[in-house]
Amino acid sequence: EEEEEEQQRQKPFEDLDLSLTLDEVFQSLPSGTQPAEPSTTKNVKHAFHRYAFLSDKRLMVTTSIGRLLLAKLGDTLTWEEVPLPEEIVADLRSYNIIKTPQAAKDTALLGSASGKIYLYREGLAVRQIAQFPNKISDIVLLDPAPVSRSTGAQPRPWSVVVTILASDHAVLLHYDPTADTAIVDERKILLPEHYIVTAACFLTPETLILGSRTGSITMLTPDPTTGHFTSVLSRKDCRTKDAVTTILPLPGSETIFLTTCRDGRYRIYSYVSGKLTLRNETAAPMTTLEGAFFTTVPSGEKGKTRRQKSDLVLLGFHKTLFQCLSTSSSNSLLASVECGGAHRPFAVLARADKPEQVRLVFPRAGKLCVWSQSGGSDKGEGTTGKGNGGPGVGGRWVVRAGGQGREIKALASTYGGGREEDEEEVMVVTGAEDTSLRVWRLKPRTQPSDNSDKKGGKDKEEEEEKE
């Protein structure tokens, strides 16, 4: 059964572009359930509210009247309603939050105005797992990458940060799917005054990073006396009051992490010996950034001997478009969807091994819009072919596709001085419209063979970026 599920997961996403009203969804339910109140222009309260992808094939939607709807994605959408006790429906009415922890599959957390947290797991009844003294402001994911959840025999435990209205602290909520138990961590996350958490991540088990609605990055560690997470330092590099939307450790690192912000910039920080340093800041070709993730090596390529690198993929809005952008691919724009622009609830899902496969759900003109693509173009320009050998070989080649967030306006190189030692290691400096300078080290190799050319030119130069 697990092998069959994994095979289904490996199938490409369907190409979809659908829009549905709430009445159409209710009328398509197997039981023929009708909405309690008709969705007319006079009653705008009865509408779609929030969305979350539970897996590659399952989407959960909450409504403003407290109902939960599940859609199975295929060539069409098949809907069903999640049965809920009347007291939960009443609690979720008018206000609810839904989040899906990345480590969990077919799992969702629901927050309510009464301070309750509910858990949905496929095949089980929705139940309350925590109670807090006030309204749930947000449920912040500690692993926010919007990528497909891989199947596995042993589901992993996960944690989230819960923020509470008018509280001077946030809390950690832990869940163990094997034991089916939820625990509220006794260690509070003490917040600075008027601090609204919008992103969170553990850099190490004892180092928590928070991002705020006004663009601040804050490092917290447990207090030796109380054990509560307290702020040790904070900095704000965003020049506007835009929220930090994602915090991600760089793959394999416990000292370097990346942030995205609604000011349209992504930044790389290092945290070493209690010092937080901004190492790089890049303006993306998008108006706002809403998320990011690192790609993984496709399963069919794990046996390759060439060193594999994770590519950074950015998610955000550019004017009225939602876009998925690879920062290191020559075919950088992976997806672009006309959705009306930012400042609307949405849910996005992408494949970490095939980031051109994207799903997006968003509201528009009172309708639920579901968009999905099976993949983008794999064609690159100038990345393969004979004669693309690099310095000392001749021809043209792409050293690094991407790398700067804006158009490159200036370039300087140490190559071409006529000295043999210059060709052993070439340094290249690029300056772009995003006001950033980058220094690159290019190590030339010999002319690629016919065999390497057939492999798509993989046996070529490797570049390294110096901060």
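Numbers here simply count residues along the sequence, with the first being 1. Quick caveat: nothing in here was measured; it's all calculated off a predicted structure.
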Next on the checklist: For a side-chain hydrogen bond (donor to acceptor under 3.5 Å, both in side chains) check, start with the C-alpha distance between D15 and S374, then their side-chain angles and the critical distance, and finish with the verdict.
Outcome noted: CA-CA 6 Å; D15 291 309; S374 59; 3.0 Å; yes
Checklist entry - Which distance, rounded to the nearest 0.5 Å, do you find between the CG of N96 and the CD1 of I136? => result 12.0 Å
Checklist entry - Do the side chains of L314 and T327 get nearer than 4.5 Å, heavy atoms only? => result yes
Checklist entry - Does D138 come within less than 4.0 Å of K99, counting only side-chain N to carboxylate O? => result yes
Next on the checklist: Please confirm whether the ring centroid of F346 lies under 6.0 Å from the ring centroid of Y51.
Outcome noted: no
Next on the checklist: For the backbone of P177 and the side chain of R121, can you confirm whether one donor and one acceptor N or O come within less than 3.5 Å of each other?
Outcome noted: yes
Checklist entry - Could you state the interatomic distance from CZ (R344) to SG (C339), rounded to the nearest 0.5 Å? => result 5.5 Å
Item to check | Gap separating the CZ atom of F48 from the CG atom of L20, nearest 0.5 angstrom | outcome: 6.5 Å
Next on the checklist: Between V61 and W79, is there a side-chain heavy-atom distance shorter than 4.5 Å?
Outcome noted: yes
Checklist entry - Is S28 reaching over with its side chain to a backbone N or O of V25, donor-acceptor style, under 3.5 angstrom? => result yes
Next on the checklist: Consider ring pair (Phe, Tyr, Trp, His ring centres under 6.0 Å). Of Y266, F294, F202, Y269, which one does F257 pass it with?
Outcome noted: Y269
Next on the checklist: With no hydrogens and no angle check, just 3.5 Å: does a side-chain donor-acceptor pair link S212 and T214?
Outcome noted: yes
Next on the checklist: What I'd like to find out is whether the side chain of K72 reaches to under 4.5 Å of the side chain of L77, using heavy atoms alone.
Outcome noted: no
Checklist entry - Is L315 close to L289 at the side-chain level, that is, under 4.5 Å between some pair of heavy atoms? => result no
Checklist entry - Which is it for R359 and D56 under the salt bridge (Lys or Arg N to Asp or Glu O under 4.0 Å) test, yes or no, and what are the steps along the way? => result CA-CA 9 Å; R359 296 194 193 276; D56 286 2; over 6 Å; no
Checklist entry - Which atom pair, heavy atoms only, marks the closest approach of Y271 to L203? => result CB-CD2, 4.0 Å
Checklist entry - Stepwise, does the salt bridge (Lys or Arg N to Asp or Glu O under 4.0 Å) test hold for R267 with D237? => result CA-CA 9 Å; R267 300 172 174 90; D237 296 291; 5.4 Å; no
Next on the checklist: Are I189 and V161 packed together at the side-chain level, in the sense that at least one heavy-atom pair is separated by less than 4.5 angstrom?
Outcome noted: yes
Next on the checklist: Given 3.5 Å as the limit, does a donor-acceptor pair link the side chain of T198 with the main chain of G211, or not?
Outcome noted: yes
Next on the checklist: Angle between ring planes, W158 versus Y175, binned at 30° and 60°: parallel, tilted or perpendicular?
Outcome noted: tilted
Next on the checklist: Is there a side-chain contact between M219 and I209 in this structure, where contact means two heavy atoms from C-beta onward sitting under 4.5 Å apart?
Outcome noted: yes
Checklist entry - For the side chain of T163 and the backbone of A170, is there at least one donor-acceptor N/O pair under 3.5 Å apart? => result no
Item to check | Interatomic spacing from NZ in K236 to NZ in K241 - rounded to 0.5 Å | outcome: 8.0 Å
Next on the checklist: Checking the side chain of S413 only, and the main-chain atoms of V428 only, is there a donor and an acceptor separated by less than 3.5 Å?
Outcome noted: no
Checklist entry - Does E14 offer a backbone N or O that forms a donor-acceptor pair with the side chain of S372 under 3.5 Å? => result yes
Checklist entry - When rounded to the nearest 0.5 angstrom, what is the spacing between CG in L368 and CD in E24? => result 10.5 Å
Item to check | Trace of the side-chain hydrogen bond (donor to acceptor under 3.5 Å, both in side chains) decision for T245 with T260 | outcome: CA-CA 6 Å; T245 51; T260 63; 2.7 Å; yes
Next on the checklist: For a 4.5 angstrom cut-off between non-hydrogen side-chain atoms, does C324 reach V358?
Outcome noted: yes
Checklist entry - For Y95, is the NZ or CZ atom of K135 found under 6.0 angstrom from the centre of its six-membered ring and inside 45 degrees of the ring axis? => result yes
Next on the checklist: Check E338 with K319, please: is the shortest side-chain N to carboxylate O separation under 4.0 Å?
Outcome noted: no
Next on the checklist: Does any part of the side chain of L258, heavy atoms only, come nearer than 4.5 Å to the side chain of L312, both counted from C-beta?
Outcome noted: yes
Next on the checklist: Determine whether a donor-acceptor pair (N or O, by modelled atom type, separation under 3.5 Å) exists between the side chain of Q323 and the backbone of S336.
Outcome noted: no
Checklist entry - Side chain of T107, backbone of K105: donor and acceptor closer than 3.5 Å? => result yes
Checklist outcome for this item: Checking L68, L29, T63 against E81 for side chain to side chain contact (heavy atoms under 4.5 Å, CB included), the one that qualifies is L29
Checklist entry - Between S253 and T255, is there a donor-acceptor pair closer than 3.5 Å when you use the side chain of the first and the backbone of the second? => result yes
Item to check | Lys/Arg N to Asp/Glu carboxylate O, R93 vs D91, below 4.0 Å | outcome: no
Next on the checklist: Which residues pass the side chain to side chain donor-acceptor pair (under 3.5 Å) test with T207, not counting sequence neighbours?
Outcome noted: T204
Next on the checklist: Quick check for you: to the nearest 0.5 Å, what is the distance between C261 atom SG and E281 atom CD?
Outcome noted: 9.5 Å
Checklist entry - Are any side-chain N or O atoms of Q373 and backbone N or O atoms of E356, one a donor and one an acceptor, separated by less than 3.5 Å? => result yes
Item to check | Residue from I408, L437, V439 passing side chain to side chain contact (heavy atoms under 4.5 Å, CB included) with T430 | outcome: I408
Checklist entry - side-chain hydrogen bond (donor to acceptor under 3.5 Å, both in side chains) between S159 and H174: does it pass, once the steps are laid out? => result CA-CA 4 Å; S159 303; H174 307 288; 2.6 Å; yes
Next on the checklist: Set out, in order, the CA-CA distance, both residues' side-chain angles and the distance that settles side-chain hydrogen bond (donor to acceptor under 3.5 Å, both in side chains) for D23 and T21, then state yes or no.
Outcome noted: CA-CA 5 Å; D23 287 334; T21 66; 5.2 Å; no
